[in-house]
Peer 1: 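Sending over a structure as structure tokens; questions will come in a sec.
Residue numbering restarts at 1 for every chain, and letters A, B, ... go by the order of the sequence lines.
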Amino acid sequence: MAIQLSEQEIQRRQALDEMRKRGIEPFPAALFPVDTLSKQLKQDFIERRQVVMAGRLMSKNIMGKASFADLQDSEGRMQLYVNRDEICLGEDKALYNVVFKKLLDLGDFIGIKGETFVTGTGEPSVKITELHVLAKAVKPLPVVKTDKDGVIHDAFTDPELRYRMRYVDLVVNPDVKETFIKRSKIMTSMRNFLSNKGYLEVETPILQPIPGGAAARPFITHHNSLDTPLYLRIANELYLKRLIVGGFDGVFEFAKAFRNEGMDKTHNPEFTMMEMYVTYKDYKWMMETTEQMLETICMDVLGTTKVTIGENQVDFKAPFKRVTMIGAIKDHTGMDIDGMDEVHLREVCAKLNVPIDETMGKGKLIDEIFGEKCEGSYIQPTFITDYPIEMSPLCKAHRDNPELTERFELMVNGKELANAYSELNDPIDQRKRLEEQAKLADRGDDEAMFIDQDFLRALEYGMPPTSGIGIGIDRLTMFLTGNDSIQEVLLFPQMRPEVFQTESNVPIIELSDEGKAVMKFLTEQMSLGDLKAKSELSNKKWDRVTKELRSAGKIEIWKDGEALMVKEV
RNA sequence: GAUCUCUUAGCUCAGCUGGUAGAGCAUAUCCCUUUUAAGGAUAGGGUCCUGGGUUCGAACCCCAGAGGGGUCACCA
């Protein structure tokens with residue numbers, strides 16, 4: 001154990017040893033028969049009820065022979081009243097005087113039996129009759145206190161510590177816990193909505209020989225016995241469509257996808273999306289389904305469709321507005337790009353000050369204009385429809401205009417929340433479009449796709465008309481929990497690996513060469529100034545060496561009148 | 001990737017123009033039987049992120065590095 005312990009950690013380890021000496025196992029094996037949780041107990045509070053509870057000891061307020069303490073379980077906190085003579089019926093008062101008062105620390109898990117009552121100040125409490133140690137915490141939690149005005153003192157807020165030690169964050173910040181409970185409810189609600197429609201929840205490969213279905217850089221790994229590269233999926237779309245070919249009417253998957261790109265407030269290398277495909281439908285049907293689903297989720301999770309996102313009030317009440325992409329660009333720039341070729345589009349980009357580069361094709365140019373000039377202004381849920389064909393290689397051409405596709409993106413608070421198509425099911429056209437994408441790859445667009453030959457073969461066997469959608473679960477959770485950072489809605493956001501001090505990388509405490517040299521000059525007793533002069537060290541090094549020698553217990557420095565003296569210990 | 005910024009006790013944070021580090025909570029010891037973030041008294045607790053440099057002297061100034069956060073670029 002080379003990790004250096006703080007004073008409090010040492011004290012807690014000593015308390016743990018002391019418990020064992022007294023015959024109390026700090027980590028007992030047997031179950032503890034909990035029958036009551038704090039929130040429920042407070043909601044239907046009746047006095048004189050017998051309860052068995054367990055949780056962390058989160059505060060102790062000792063007043064001689066009686067104490068108040070807070071017990072925190074999965075739902076919240078309950079105040080305990082601990083009276084010496086109620087928990088120690090005989091002459092031996094050690095359980096109270098020693099175990100409770102001294103050996104139990106904040107953060108320890110305890111189990112209690114007791115009876116409910118209300119204190120003089122009106123606080124529902126439990127007067128305990130039994131106290132059991134269930135698990136000792138040898139590291140102190142941050143102490144966060146909330147006063148009666150709800151003001152939080154000494155909040156545990158450092159994002160680095162909160163994300164790296166989410167377990168501490170969850171213990172100490174109830175709002176954080178609430179966010180993840182909501183995230184789970186959102187997914188449950190969505191799952192129920194889709195299952196109730198008769199769609200099948202499926203699981204498709206995360207390790208894929210060809211990373212298809214989106215334009216993004218993949219993570220690559222290697223399978224040893226196949227001796228072949230495998231990619232972490234960037235999307236599951238092509239697998240779900242194979243299942244539609246196989247004869248399912250509706251399939252969906254909550255899928256982790258992995259994209260090897262930049263990280264910021266809204267992008268984590270792994271993220272979750274729900275993708276769904278339904279046969280004999282088109283993207284118009286999908287818009288209706290999506291707005292119904294989101295409205296339902298809001299009602300299930302929040303009880304309202306109105307959500308505050310940052311400065312904005314957003315209402316998820318269906319129906320949502322529908323705007324075509326060309327219409328959106330016209331609305332925000334006054335430019336009509338309908339039917340324009342690449343050369344003219346580049347001129348428009350130049351005129352609008354939209355930054356572009358050589359690798360961009362027609363679709364990408366339009367996307368850039370939209371992203372730069374329009375995207376941010378759609379605060380209320382809005383379907384942007386009819387994307388240019390070039391940037392939607394898996395999407396069916398528009399029934400009225402072959403330049404466009406039957407695609408929509410759902411914009412909320414200026415961000416994309418969902419992306420959906422009438423899926424392209426013409427295998428000949430699909431092959432051609434994927435090949436065009438591959439050509440773009442040659443132009444240097446490193447996000448262009450690999451061609452998945454097996455997917456094309458599947459389409460050749462025939463895929464019914466299908467509409468598909470992908471919804472970003474992390475984003476949806478951000479919207480519905482009022483968080484503006486993806487890290488706040490991921491339990492364990494990706495971070496650079498932490499460097500730990502362990503035995504292998506803590507240098508063995510041995511005197512430095514300078515330290516050894518100084519020791520050689522040291523006589524029985526001499527002035528500190530003389531020793532420094534003899535050492536010929538720079539001031540900084542001298543400072544370090546004296547500190548080192550002192551903490552190693554090699555020398556002692558004291559004041560003799562005005563003079564600083566030093567001697568060997 | 002560019003740029004700005006932060007890193008001081010277990011936690012939250014002060015720390016002036018460069019002069020050998022402070023507070024509150026937590027912890028330890030003692031007193032206290034219905035308290036409400038903080039009862040009273042006393043005490044201990046520091047690799048000032050790391051490594052160099054400047055200086056008589058560095059938590060503070062300079063350089064390099066690590067980690068975090070913000071903004072921009074790219075992506076969902």
Peer 1: Across the strands shown, which category fits A:E375 at heavy-atom distances under 4.0 angstrom: base, sugar-phosphate, nothing?
Peer 2: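 The residue A:E375 makes no contact with any strand.
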Peer 1: Over how many whole Å does the gap from A:L161 atom CG to B:A9 atom P extend?
Peer 2: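 A:L161 atom CG is separated from B:A9 atom P by 11 Å.
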Peer 1: Sort out the partner of B:U17 for me: Watson-Crick or G-U wobble, both distances under 3.5 Å, none otherwise.
Peer 2: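 Pairing partner, where one exists within any strand: none, as none qualifies.
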Peer 1: Is there, by distance only and without an angle test, a donor paired with an acceptor across the side chain of A:D154 and the base of B:G24 below 3.5 Å?
Peer 2: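 Indeed, a donor on one side and an acceptor on the other fall under 3.5 Å apart.
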Peer 1: OP1 or OP2 of B:C72 versus the side-chain N and O atoms of A:K265: is any pair under 4.0 Å?
Peer 2: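 No, because none of the side-chain N or O atoms of A:K265 sits under 4.0 Å from OP1 or OP2 of B:C72.
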Peer 1: Classify the side chain of A:Y81 and the base of B:U35 as holding, or not holding, a donor-acceptor pair under 3.5 Å.
Peer 2: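 Side chain to base: no pair below 3.5 Å.
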Peer 1: Can you check the distance between B:U3 and B:A21, where both ends of the measurement are the P atom (answer in whole Å)?
Peer 2: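 Approximately 36 Å lies between the P atom of B:U3 and that of B:A21.
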Peer 1: Taking the P atom in each of B:G53 and B:A59, what is the distance between them to the nearest angstrom?
Peer 2: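 It works out to 15 Å between them.
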Peer 1: Given B:C11, B:C13, B:A76, which nucleotide is nearest the side-chain atoms of A:I486?
Peer 2: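 When the side chain of A:I486 is considered, B:A76 is the closest of B:C11, B:C13, B:A76.
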Peer 1: Hey, can you tell me if A:F252 and A:F254 have their rings parallel, tilted or perpendicular (30° and 60° cut-offs)?
Peer 2: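 Ring orientation of A:F252 relative to A:F254: perpendicular.
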Peer 1: Rounding to the closest angstrom, what is the interatomic distance between B:A9 and B:C48 at atom P?
Peer 2: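 About 10 Å, rounded to a whole number of Å.
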Peer 1: If you look at every strand shown and take non-hydrogen atoms under 4.0 Å, does A:L141 touch a base, only sugar-phosphate, or nothing?
Peer 2: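 The answer is nothing, as A:L141 stays clear of every strand by at least 4.0 Å.
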Peer 1: Given the C1' atoms of B:G10 and B:A73, what is the spacing between them in whole Å?
Peer 2: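 One C1' to the other, the span is 40 Å.
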Peer 1: Suppose we call a contact any N or O donor and acceptor under 3.5 Å apart; does that hold for the side chain of A:T121 and the base of B:U34?
Peer 2: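 Under the 3.5 Å cut-off, the side chain and the base do not form any donor-acceptor pair.
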Peer 1: Select base, sugar-phosphate, or nothing to describe what A:D367 touches, counting heavy atoms under 4.0 Å on all strands.
Peer 2: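 Touches nothing.
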Peer 1: Are any of A:K145's side-chain N or O atoms less than 4.0 Å away from OP1 or OP2 of B:C11?
Peer 2: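 Looking at the OP1 and OP2 atoms of B:C11, neither is under 4.0 Å from any side-chain N or O of A:K145.
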Peer 1: Within the modelled atom types, does a donor on one side and an acceptor on the other bring the side chain of A:T119 and the base of B:U36 under 3.5 Å apart?
Peer 2: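 Checked by distance alone, the answer is yes.
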Peer 1: Base, sugar-phosphate alone, or nothing: which one does A:T266 contact when heavy atoms must sit under 4.0 Å apart?
Peer 2: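 Base contact - A:T266 has a heavy atom under 4.0 Å of at least one base atom.
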Peer 1: With respect to the phosphate group of B:A9, does any side-chain polar atom (N or O) of A:Q8 fall under 4.0 Å of OP1 or OP2?
Peer 2: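 No, no such contact exists.
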Peer 1: How close or far is atom C1' of B:G10 from atom NE2 of A:H153, stated in whole angstroms?
Peer 2: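 It is 19 Å, rounded to the nearest whole Å.
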Peer 1: Looking at every strand, decide which applies to A:K415 at a 4.0 Å heavy-atom threshold: base, sugar-phosphate, or nothing.
Peer 2: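 No contact at all - A:K415 keeps every heavy atom at 4.0 Å or more from the nucleic acid.
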Peer 1: Flag this pair as yes if the NZ/CZ of A:K415 is under 6.0 angstrom from the six-membered ring centre of A:F479 and inside a 45 degree cone about the axis; otherwise no.
Peer 2: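 Here A:K415 fails the 6.0 Å and 45° test against A:F479.
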Peer 1: Below 4.5 Å, heavy atoms only, C-beta onward: do A:R259 and A:P218 meet side chain to side chain?
Peer 2: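 Side chain of A:R259 against side chain of A:P218, heavy atoms only: no contact under 4.5 Å found.
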Peer 1: Would the number of heavy atoms belonging to other residues, nucleotides or ligands and lying under 6.0 Å from NZ of A:K93 be above 12?
Peer 2: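 More than 12 within 6.0 Å, yes.
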Peer 1: Using a heavy-atom cut-off of 4.0 Å across all strands, would you classify A:K139 as base, sugar-phosphate, or nothing?
Peer 2: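 Counting heavy atoms under 4.0 Å across all strands, no contact is made by A:K139.
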Peer 1: Tell whether A:E7 reaches the base of B:G44 with its side chain through a donor-acceptor pair below 3.5 angstrom.
Peer 2: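 For A:E7, whose side chain was compared with the base of B:G44, there is a donor-acceptor pair (under 3.5 Å).
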Peer 1: Would you call A:K127 and A:E115 a salt bridge, using N to O less than 4.0 angstrom?
Peer 2: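 Salt bridge between A:K127 and A:E115, a charged N being under 4.0 Å from a carboxylate O: no.
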Peer 1: State which of B:C30, B:A26, B:U34 makes the closest approach to the side chain of A:K102.
Peer 2: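 The nucleotide sitting nearest to the side chain is B:C30.
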Peer 1: Considering only atom P, compute the distance from B:G68 to B:C75 and round it to an integer number of Å.
Peer 2: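 My reading of the P atoms in B:G68 and B:C75 gives 24 Å.
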Peer 1: Please classify the nucleic acid contact of A:A257 as base, sugar-phosphate, or nothing, using heavy-atom distances under 4.0 Å.
Peer 2: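 Contact class for A:A257: none.
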Peer 1: Is there a side-chain contact between A:R84 and the phosphate of B:U33, meaning an N or O under 4.0 Å from OP1 or OP2?
Peer 2: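 Result: no.
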Peer 1: Has A:R407 got its NZ or CZ under 6.0 Å from the middle of the six-membered ring of A:Y421, at an angle within 45 degrees of the ring axis?
Peer 2: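 The answer is no; the distance or angle limit is not met.
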Peer 1: Is any side-chain heavy atom of A:F258 less than 4.5 Å from a side-chain heavy atom of A:I234?
Peer 2: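 No, every pair of side-chain atoms sits at 4.5 Å or beyond.
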Peer 1: Is there a Watson-Crick or G-U wobble partner for B:U5 with both distances under 3.5 Å, and which nucleotide is it?
Peer 2: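 Partner of B:U5: B:G68.
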Peer 1: By the 4.0 Å heavy-atom rule, please label A:D85 as base, sugar-phosphate, or nothing.
Peer 2: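 It contacts base atoms.
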Peer 1: Contact class for A:M273 vs. all strands (heavy atom < 4.0 Å): base, sugar-phosphate, or nothing?
Peer 2: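 No contact.
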Peer 1: Classify the nucleic acid contact of A:E416 as base, sugar-phosphate or nothing, counting any heavy atom under 4.0 Å across all strands shown.
Peer 2: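 Contact class for A:E416: sugar-phosphate only.
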Peer 1: In Watson-Crick or G-U wobble terms, both distances under 3.5 Å, what is the partner of B:U29?
Peer 2: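 Result: B:A41.
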Peer 1: Strictly below 4.0 Å: does A:R496 bring a side-chain N or O up to OP1 or OP2 of B:G67?
Peer 2: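 Result: yes.
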Peer 1: How is A:D474 classified with respect to the nucleic acid when contacts are heavy atoms under 4.0 Å: base, sugar-phosphate, or nothing?
Peer 2: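 Result for A:D474 = nothing.
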